[in-house]
Protein chains: 2
Amino acid sequence: MKPYSKTIKDSLKEKGLKLTPQRRSILDVIYENKGEHLSTEEIFELVKERCPEIGLATVYRTMNLFDREKVVYKHNFNDGKSRYEIILGKNRQHHHLICTECGTVIEVEEDLLENTVLEIERKYSFNITNYNVKFYGLCDICRKRV
Amino acid sequence: MKPYSKTIKDSLKEKGLKLTPQRRSILDVIYENKGEHLSTEEIFELVKERCPEIGLATVYRTMNLFDREKVVYKHNFNDGKSRYEIILGKNRQHHHLICTECGTVIEVEEDLLENTVLEIERKYSFNITNYNVKFYGLCDICRKRV
DNA sequence: ATCAATGCAAAGATTTTGCATCAAG
DNA sequence: CTTGATGCAAAATCTTTGCATTGAT
């Protein structure tokens, strides 16, 4: 049993939703690629290897479901498509450095704003469940090249 | 003369690009709506009022140009379209609280990570030119309602 | 039996592109 | 005149939806 299965299955069942073979395969794929930021099409291709009858529309529907249920985080790196990252255990995202020259995305693992969250919540009367930071600039290679 | 015109015109000219009437009108519109996050279509509609012959494709092309030239920041609030915000003077963005229930976007004016930027730059060998924080959660109204 | 989930194809929406024309240096 | 910019329409993407069918509970 994959480490995510129990909790996700439960939280789906609570809402009368099912963990179908298709959804399980998608979950497996995004778990096994937890370092990547796969697009819907890429997930579709990978899932097809183990579940050839799946349709692209199902992947789109499932990713929307997983986004609503906070199983994944939906990223936008300005390449025209949504990209997804599984949310594991701790409920906060990690963050990204995005090179504006070559588009490379580098993960940042720090807990950047844990201290600030409470302050902002109070000041703006807003209940923060997650946050995400994107840093834009030049990666090491492009800085030397440009 | 609008306060942005000088610098932007210069930085365009340096690259052999022109500040045409269409581009100037777009600039006027996004400057006059600096509190908003207008979509391309919305910009198009507003620009048409003062420049009726403009085509939608020109607005798309111009917004891409302005994004590359760092005249605007291209936002994604997961509503299916890109939304733009003019970048004025100080080169850092402000940040946003996004309600996952109703989609409301609230501006956060704090300087959140100025102290952390240098640290991250060193640690990841990355030259940060801008950053953006999105906080997700429930706004005051939705928290009471849901 | 019921109700959600699926696959497929069609439709929708946003964004990009090809091309002839226009405008400025 | 040369080169970028424009407008229009067509094309290209990505994403959603309608509908008949399937599959669990």
Side-chain angles (χ1 to χ4, degrees), chain A residues 5 8-29 37-69 71-72 74-84 103, chain B residues 5 8-29 37-69 71-72 74-84 103:
Chain A
S5 306
I8 291 176
K9 187 169 184 179
D10 286 353
S11 82
L12 290 179
K13 206 175 340 189
E14 269 175 31
K15 297 176 182 155
L17 306 170
K18 290 163 195 164
L19 187 53
T20 61
Q22 288 89 336
R23 289 180 182 174
R24 179 179 289 283
S25 298
I26 292 174
L27 218 34
D28 286 346
V29 161
H37 307 98
L38 301 177
S39 67
T40 314
E41 192 75 40
E42 288 165 351
I43 294 167
F44 175 58
E45 290 303 329
L46 289 168
V47 170
K48 254 203 310 206
E49 291 172 10
R50 67 190 76 180
C51 181
E53 72 283 12
I54 199 169
L56 181 55
T58 300
V59 183
Y60 272 104
R61 280 187 280 236
T62 304
M63 297 321 291
N64 281 342
L65 173 72
F66 284 176
D67 181 32
R68 283 197 304 280
E69 299 303 321
V71 172
V72 298
K74 182 178 191 166
H75 277 290
N76 178 283
F77 296 126
N78 279 343
D79 64 346
K81 37 197 151 234
S82 293
R83 298 185 164 275
Y84 297 91
Chain B
S5 306
I8 290 177
K9 186 167 185 182
D10 286 352
S11 82
L12 289 180
K13 203 173 342 189
E14 269 176 31
K15 297 176 182 156
L17 305 170
K18 292 164 194 164
L19 188 53
T20 61
Q22 289 89 336
R23 290 181 181 172
R24 179 178 289 282
S25 299
I26 292 173
L27 218 34
D28 285 347
V29 160
H37 307 98
L38 300 177
S39 67
T40 312
E41 192 75 42
E42 287 165 350
I43 294 167
F44 175 59
E45 291 303 329
L46 289 168
V47 171
K48 254 199 316 203
E49 292 172 10
R50 67 189 73 178
C51 180
E53 71 284 11
I54 198 169
L56 181 55
T58 300
V59 184
Y60 272 103
R61 281 187 280 235
T62 303
M63 297 320 290
N64 282 342
L65 173 73
F66 284 178
D67 181 31
R68 282 197 304 280
E69 298 303 320
V71 172
V72 299
K74 182 178 191 167
H75 278 289
N76 178 282
F77 296 126
N78 278 343
D79 65 346
K81 39 197 149 232
S82 293
R83 296 184 165 277
Y84 298 91

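By convention in this document, chain letters (A, B, ...) are assigned in the order of the sequence lines, proteins followed by strands, and residues within each chain are numbered from 1. Everything quoted here is computed from the prediction, not taken from an experiment.
- Going from atom CG of B:Leu12 over to atom C1' of C:dA24 covers 15 Å, rounded to whole Å.
- If you take NE2 on A:His75 and CG on A:Asp67, they are separated by 10.5 Å, rounding to the nearest 0.5 Å.
- We find that NZ of A:Lys9 is positioned 18 Å from P of C:dA4, with the value rounded to whole Å.
- Within the 4.5 Å cutoff, no side-chain heavy atoms of A:Thr40 are placed close to those of A:Lys81.
- Proximity of B:Ser82 to the phosphate of C:dT15: a side-chain N or O atom is located under 4.0 Å from OP1 or OP2.
- Residue A:Tyr84 contributes atom OH, which lies 13 Å from atom P of D:dC14 at whole-angstrom precision.
- Residue A:Thr62 places its side chain closer to C:dT6 than to any other of C:dT15, C:dT6, D:dC14.
- Dashed line: the shortest gap from a side-chain N or O of A:Arg61 to OP1 or OP2 of D:dT16 is not under 4.0 Å.
- Distance A:Phe44 CZ to D:dC14 P: 14 Å, rounded to the nearest Å.
- Atom-to-atom, CG of B:Leu65 to P of C:dT17 comes out at 15 Å; the value is rounded to the nearest Å.
- Between D:dA5, D:dA9, D:dG23, one nucleotide has an atom nearer to the side chain of B:Leu17 than all others, and that is D:dA5.
- OP1 or OP2 of C:dA5 has not a single side-chain nitrogen or oxygen of A:Thr20 nearer than 4.0 Å.
- Contact check for B:Leu27 versus B:Leu19: side-chain heavy atoms found under the 4.5 Å cut-off.
- In this entry the distance linking NZ of B:Lys81 with C1' of D:dC14 reads 14 Å, nearest Å.
- Taking atom CG on A:Asn78 and atom C1' on D:dC14, their separation rounds to 14 Å, with Å as the unit.
- Residues B:Ile54 and B:Lys48 are in side-chain contact: their nearest non-hydrogen atoms beyond the backbone lie under 4.5 Å apart.
- In this structure, of D:dT17, D:dT15, C:dT15, it is D:dT17 that holds the atom nearest to the side chain of A:Ala57.
- Checked against C:dA5, C:dT15, D:dT16, the side chain of A:Lys18 finds its nearest nucleotide in C:dA5.
- Comparing A:Gly55 and B:Asn64, the nucleotide of DNA chain C nearest to each residue sits closer to the 5' end for A:Gly55.
- Considering only side-chain atoms of B:Gln22, the nucleotide from D:dT15, D:dT6, C:dT6 that sits closest is D:dT6.
- Checking D:dC14, C:dT15, D:dC8 against every side-chain atom of A:Tyr60, the shortest atom distance belongs to D:dC14.
- Side chains of B:Tyr84 and B:Lys74 form a contact here, defined as non-hydrogen atoms less than 4.5 Å apart.
- Between A:Phe77 atom CZ and D:dC14 atom C1' there is a gap of 17 Å when expressed in whole angstrom units.
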